[in-house]
Amino acid sequence: MNTTTYSVQNYDLDATLTSGQAFRWTKNDRQWEGIIGNRWMSLEKRGSQIIAHTPQPAGDWHWLEHYLQLKVDLSAIIRTFPQDPAMKEATRACHGLRLLRQSPWECLACFICSSTKQIVQIQQIVDLLCQRLGSPIESPSSGITHAFPTFTQLASVNETKLRECKMGFRAPYLLSAARTLVEGKLELDSLNAKPIEEARECLMTLDGVGPKIADCILLFAYGFPEAFPIDVWIKKALSTLYFRGRPVSAAKLNTFVSSHFGPHAGYAQQYLFHYMRTAKP
DNA sequence: GTCCAGGACCTAG
DNA sequence: CTAGGTCATGGA
């Protein structure tokens, strides 16, 4: 059977899939449609259930439980958040927001394309990348869709081809990263076992990967719970919520972040990010 | 037309 | 270590 149902508590699928972690989900009526690995998927929230469907053989579904992080005890994580007014409000406003666990390569490639781009534009770039370079997959709704291109597929094209995917100055970065992986100069699968600082250094050796993008990959793909990506939204959030709107230097922000948000700082960060982006002023 | 977007990099102070 | 310019592209 290629349909399964999960009972979940405090799982806001809409918030999770629109919170700027993953870029290949689209909502069709009540159903979220997307690609996980080489599988087309639909996900639907009905009451306290998530109904998952894939046309291909699904195996034991462990891959989906892992992707959606279904066994995570969210309330236990939220209990570790600092009890300041800002975090309380963000937690209340984003009830049920989760962190996904994505594949490192796709996450890395997407976030190399993300710099100074709005989330809708990142989705557009990623769609083009998949259409033009990814392996075809059958999909019930639109006939044919595409997997995310492997780094081998990506490394085999030239920069012009990538620029056609509207990624502009990010094209040479992505190409260089793909080629580095093809050459075996960096093993993404080996980063799990390293301490976070070391994994971060490894990621930052890649062209186009600085502190922010490295932290996104550490958090969204490897699940380092303390990784705390600081982008323009989070800067704004921290400045207004914790520093009375004053601009704060990068060094000061880093010090504050690493001492204030606790062992699941990355989760707290996602709540602040989504809260800032969705709250009506 | 102007400003800004889940930044990184290079250079100069 | 910090400040400013540059890189494409399109939404608001």
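Note on naming: letters A, B, ... go to the chains in the order of the sequence lines (proteins, then strands), and numbering restarts at 1 for each one. Just so it is clear, the values below take in all heavy atoms, side chains as well, and ignore hydrogens, waters and symmetry mates.
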### Message
Counting only heavy atoms and a strict 4.0 angstrom limit, can you tell me which residues of residues 209-216 of chain A come near DNA chain B?
### Response
A:V209, A:G210, A:P211, A:K212, A:I213

### Task
Choose from B:dC9, B:dG6, C:dG11 the nucleotide whose nearest atom is closest to any side-chain atom of A:P229.
B:dG6

### Task
State which of C:dT9, C:dT2, B:dG6 makes the closest approach to the side chain of A:Q121.
C:dT9

### Task
Walk me through it: do A:D12 and A:K45 pass the test salt bridge (Lys or Arg N to Asp or Glu O under 4.0 Å)?
CA-CA 8 Å; A:D12 187 335; A:K45 185 83 186 293; over 6 Å; no

### Query
Rounded to the Å, how far apart are A:M167 CE and C:dT9 P?
11 Å

### Summary
Separation of B:dG7 atom C1' from A:L203 atom CG, nearest Å, is 15 Å

### Message
Check the orientation of A:F256 and A:Y242. Use parallel for under 30°, tilted for 30 to 60°, and perpendicular for over 60°.
### Response
tilted

### Task
Describe the nucleic acid contact of A:F220 in one word from base, sugar-phosphate, nothing, applying a heavy-atom distance below 4.0 Å.
base

### Task
Please work out if A:K117 contacts a base, only the sugar-phosphate, or nothing of the nucleic acid, heavy-atom cut-off 4.0 Å.
base

### Query
Which part of the nucleic acid does A:A171 contact within heavy-atom distance under 4.0 Å: base, sugar-phosphate only, or nothing?
nothing

#### Entry: Nearest-Å distance for atom pair CD1/C1', residues A:I122 and C:dG11
13 Å

### Query
Considering only heavy atoms and no angle criterion, is a donor-acceptor pair shorter than 3.5 Å present between the side chain of A:Q124 and the base of C:dG11?
no

### Query
Rounded to the Å, how far apart are A:M276 CE and B:dG6 P?
12 Å

### Task
Apply side-chain hydrogen bond (donor to acceptor under 3.5 Å, both in side chains) to the pair A:D73 and A:S75, showing each step before the final yes or no.
CA-CA 6 Å; A:D73 182 352; A:S75 55; 2.9 Å; yes

### Message
For A:K166, is there an ion pair with A:E164 - N to carboxylate O distance below 4.0 angstrom?
### Response
no

### Message
Just to verify, what does A:E183 make a side chain to side chain donor-acceptor pair (under 3.5 Å) with, not counting sequence neighbours?
### Response
A:K185

### Query
Is there a side-chain contact between A:I51 and A:Q31, using heavy atoms and a 4.5 Å cut-off?
no

### Task
Answer with yes or no after comparing the ring centroid distance for A:F220 and A:F111 against a 6.0 Å cut-off, counting only values under it.
yes

### Task
Check the geometry between A:F273 and B:dG6 and answer yes if their rings are stacked (centres below 5.5 Å, planes below 30°), otherwise no.
yes

### Message
Between C:dG5 and B:dG6, how many Å separate the two P atoms, rounded to a whole number?
### Response
23 Å

### Query
Does a nitrogen or oxygen in the side chain of A:K166 sit under 4.0 Å from OP1 or OP2 of C:dG10?
yes

### Task
Have a look at A:G208 and say if it touches a base, only the backbone sugar-phosphate, or nothing, with a 4.0 Å heavy-atom cut-off.
sugar-phosphate

### Query
So does A:Q269 reach the base of B:dG6 with its side chain, donor to acceptor, closer than 3.5 Å?
yes

### Task
Extract the stems that DNA chain B is part of, considering only consecutive pairing runs of at least three Watson-Crick or G-U wobble pairs, both distances under 3.5 Å.
B:2-5 with C:9-12, B:7-13 with C:1-7

### Query
How close or far is atom C1' of B:dG6 from atom CG of A:L97, stated in whole angstroms?
14 Å

### Ring centre gap for A:F228 and A:F261 strictly below 6.0 Å
yes

### Message
Over all strands shown, is A:K236 touching base, sugar-phosphate only, or nothing at heavy-atom distances under 4.0 angstrom?
### Response
sugar-phosphate

### Task
Report which part of the nucleic acid A:I230 touches: base, sugar-phosphate, or nothing (heavy-atom distance under 4.0 Å, all strands).
nothing

### Task
Classify the angle between the aromatic ring planes of A:Y267 and A:F81 as parallel (below 30°), tilted (30 to 60°) or perpendicular (above 60°).
tilted

#### Entry: Interatomic distance, A:L218 CG vs B:dG6 P [rounded to whole Å]
20 Å

### Summary
note: A:L174, atom CG; C:dC7, atom C1'; distance rounded to Å ~ 16 Å

### Query
Is the closest side-chain donor-acceptor distance between A:Q270 and A:S19 under 3.5 Å?
yes

### Query
Mind checking whether A:W61 and A:W63 have parallel, tilted or perpendicular rings, split at 30° and 60°?
parallel

### Task
Could you please name the option among B:dA5, C:dT2, C:dC7 that lies closest to any side-chain atom of A:F169?
C:dC7

### Task
To the nearest Å, give me how far apart CD1 (A:I112) and P (B:dG7) are.
14 Å

#### Entry: Whichever of A:Q118 and A:S115 has its nearest DNA chain C nucleotide further upstream toward 5'
A:S115

### Task
Using a heavy-atom cut-off of under 4.0 Å over every strand shown, decide if A:S114 touches base, sugar-phosphate, or nothing.
sugar-phosphate

### Message
Which nucleotide wins on minimum distance to the side chain of A:Y173, given the candidates B:dG6, B:dA8, C:dT9?
### Response
B:dA8

